[in-house]
Amino acid sequence: MAENKELYYFDFDKLFENFADKYYGEHESEYSSPDDFAKDLDEIYHLWATSPQDVLGGLSPSEFFNRIPTEELIDILKGACVGDGNPSSLLFDRIATEPSLLGGLCELAESSADEKLLTVTLSLIAELGGGDNAFYLGMLERDVDACVKEMCIDMLCERADSDEALCEELLHRAESADDVGTIELMLEPLTYCAPGNDRILEQLRILLNMDPNTAYVAGLIGRYGDERAASDLYPLLDTCDYATFLEIRNAIETLGGTVDDKYRDFSDDPAYAALKGIK
């Protein structure tokens, strides 16, 4: 593959775009509209991926990526994310078939601050089974984009209910934190645990008292499902705006409580007027 290294960072999306345009021109009479053609794009992409391409020396795109040595794939991924470039889905698919690259991908994520590279790398790590809990907890401590942290949280949410050690670590970190952001991050996975844990309930109550985003915290409480928290939510119905009222009411009802639709008059609330179509 050495002679083809200059093609590693070729714009494969553009190559497919050209192939699709040519295909449509040759088969336009078979489609009633471009939208009708779009329905076949997955099949056309497969046709392109398995068709010999002159620019690839007669190899199909799939053959080209399958021939790249495994040890070069992570460096190619890094290069493909530079600037406006994006890695081909075929490169993604190839890496996702190589379990031996999991450790290297975790190291790449831990050393990178680029949002695009981190997003792609975390997706690949998930495809390969995910990193360990320490990896995701470490990522949450870094100054990275919110979407990157959200991807890490999603992985921890999938594990918290069945992983007692993770649950304990998240609780410890929440109880040791003094800032809203950290407590939010730690509690998000914990709300997927079985209700009834006094420590989780206490942290949710603490967050409810210190977090200005009451609607968000109400959502967490509702998801956790501990009926004891309803008593903390009812008083908040008296002073919140309509949008927050809806979230609190949903949480209370999830916990088994009830809130009358006419509990308060929100006719002067802009959100109420917008939702009800009042001019």
Side-chain angles (χ1 to χ4, degrees), residues 1 3-102 104-106 108-109 112 114-131 136 145-155 157-159:
M1 285 295 294
E3 69 277 9
N4 288 323
K5 280 191 174 182
E6 69 277 6
L7 297 175
Y8 284 173
Y9 309 116
F10 188 80
D11 190 344
F12 285 89
D13 288 341
K14 185 64 176 178
L15 186 62
F16 170 65
E17 183 182 325
N18 293 339
F19 180 90
D21 287 344
K22 183 174 183 292
Y23 183 94
Y24 182 69
E26 294 171 349
H27 299 267
E28 186 173 1
S29 62
E30 301 172 20
Y31 298 97
S32 59
S33 69
D35 288 341
D36 193 32
F37 169 71
K39 297 176 183 178
D40 284 346
L41 275 180
D42 285 346
E43 293 182 12
I44 295 167
Y45 188 86
H46 177 73
L47 177 62
W48 165 76
T50 55
S51 298
Q53 305 290 318
D54 289 341
V55 71
L56 300 179
L59 296 175
S60 71
S62 290
E63 289 175 320
F64 176 81
F65 281 104
N66 286 338
R67 291 190 180 195
I68 297 175
T70 302
E71 63 271 15
E72 297 185 28
L73 289 170
I74 290 181
D75 282 338
I76 294 171
L77 178 68
K78 290 165 60 177
C81 289
V82 172
D84 295 329
N86 289 295
S88 166
S89 62
L90 294 175
L91 175 60
F92 188 101
D93 292 344
R94 169 66 200 289
I95 295 174
T97 65
E98 297 287 351
S100 64
L101 296 179
L102 179 58
L105 289 168
C106 289
L108 175 60
S112 175
D114 179 76
E115 179 182 358
K116 178 168 55 178
L117 180 57
L118 275 172
T119 300
V120 172
T121 303
L122 286 170
S123 295
L124 284 165
I125 290 170
E127 285 287 323
L128 290 170
Y136 291 111
D145 296 275
C147 66
V148 173
K149 290 192 175 185
E150 185 176 338
M151 294 177 75
C152 296
I153 286 293
D154 286 344
M155 291 299 294
C157 287
E158 293 179 10
R159 303 173 177 185

Visitor: Which distance, rounded to the nearest 0.5 Å, do you find between the CD of E127 and the CG of L102?
Guide: 12.0 Å

Visitor: For F37 versus I44, what's the shortest heavy-atom pair and its separation?
Guide: CE1-CD1, 3.1 Å

Visitor: For the residue pair I74 and L105, what are the closest heavy atoms and their distance?
Guide: CD1-N, 3.7 Å

Visitor: Checking S112 now: which residues fulfil side-chain hydrogen bond (donor to acceptor under 3.5 Å, both in side chains) with it, not counting sequence neighbours?
Guide: none

Visitor: Is there a side-chain contact between F65 and F12, using heavy atoms and a 4.5 Å cut-off?
Guide: yes

Visitor: Walk me through whether Y136 and I153 qualify under side chain to side chain contact (heavy atoms under 4.5 Å, CB included).
Guide: CA-CA 8 Å; Y136 291 111; I153 286 293; over 6 Å; no

Visitor: Is it the case that more than 12 heavy atoms not belonging to D21 sit under 6.0 Å from its CG atom?
Guide: yes

Visitor: List the atom of C106, the atom of G131, and the distance in Å for their closest heavy-atom pair.
Guide: SG-CA, 4.2 Å

Visitor: Mind checking the CD-OG1 spacing from E150 to T119? Nearest 0.5 Å is all I need.
Guide: 10.5 Å

Visitor: Any side-chain heavy atom of F92 within less than 4.5 Å of one from S123?
Guide: yes

Visitor: Got L73 and L77 here, is their nearest side-chain heavy-atom distance under 4.5 Å?
Guide: no

Visitor: Return the CG to CG distance between D54 and L59, rounded to the nearest 0.5 Å.
Guide: 11.0 Å

Visitor: Starting from the C-alpha separation in whole Å, work towards a yes-or-no answer on side chain to side chain contact (heavy atoms under 4.5 Å, CB included) for L91 and Y8.
Guide: CA-CA 9 Å; L91 175 60; Y8 284 173; over 6 Å; no

Visitor: Stepwise, does the side chain to side chain contact (heavy atoms under 4.5 Å, CB included) test hold for Y45 with L90?
Guide: CA-CA 11 Å; Y45 188 86; L90 294 175; 3.7 Å; yes

Visitor: Report yes if the side chains of F19 and L47 come closer than 4.5 Å at any heavy-atom pair, otherwise no.
Guide: yes

Visitor: Would H27 and Y31 count as a close aromatic pair, with their ring centres under 6.0 Å?
Guide: no

Visitor: Look at R94 together with E98 and state whether they make a salt bridge at an N to O cut-off of under 4.0 Å.
Guide: yes

Visitor: Would you call Q53 and W48 a side-chain contact if the rule is heavy atoms closer than 4.5 Å?
Guide: yes

Visitor: Looking at OG1 of T121 and CE of M151, how far apart are the two atoms once the value is rounded to the nearest 0.5 Å?
Guide: 9.0 Å

Visitor: Please, which pairs that meet salt bridge (charged side-chain N to carboxylate O under 4.0 Å, His left out) have at least one residue in residues 30-53, sequence neighbours excluded?
Guide: none

Visitor: Hey, mind stepping through N86 and V120 against side chain to side chain contact (heavy atoms under 4.5 Å, CB included) and telling me if it holds?
Guide: CA-CA 9 Å; N86 289 295; V120 172; over 6 Å; no

Visitor: What's the shortest heavy-atom distance between C147 and E115, and which atoms?
Guide: SG-OE2, 2.9 Å

Visitor: Quick check for you: to the nearest 0.5 Å, what is the distance between K116 atom NZ and D84 atom CG?
Guide: 6.5 Å

Visitor: So, for F10 and F64, is the gap between ring centers shorter than 6.0 Å?
Guide: no

Visitor: So, taking the atom named CD1 in I95 and the one named OG1 in T70, what distance separates them when rounded to the nearest 0.5 Å?
Guide: 10.0 Å

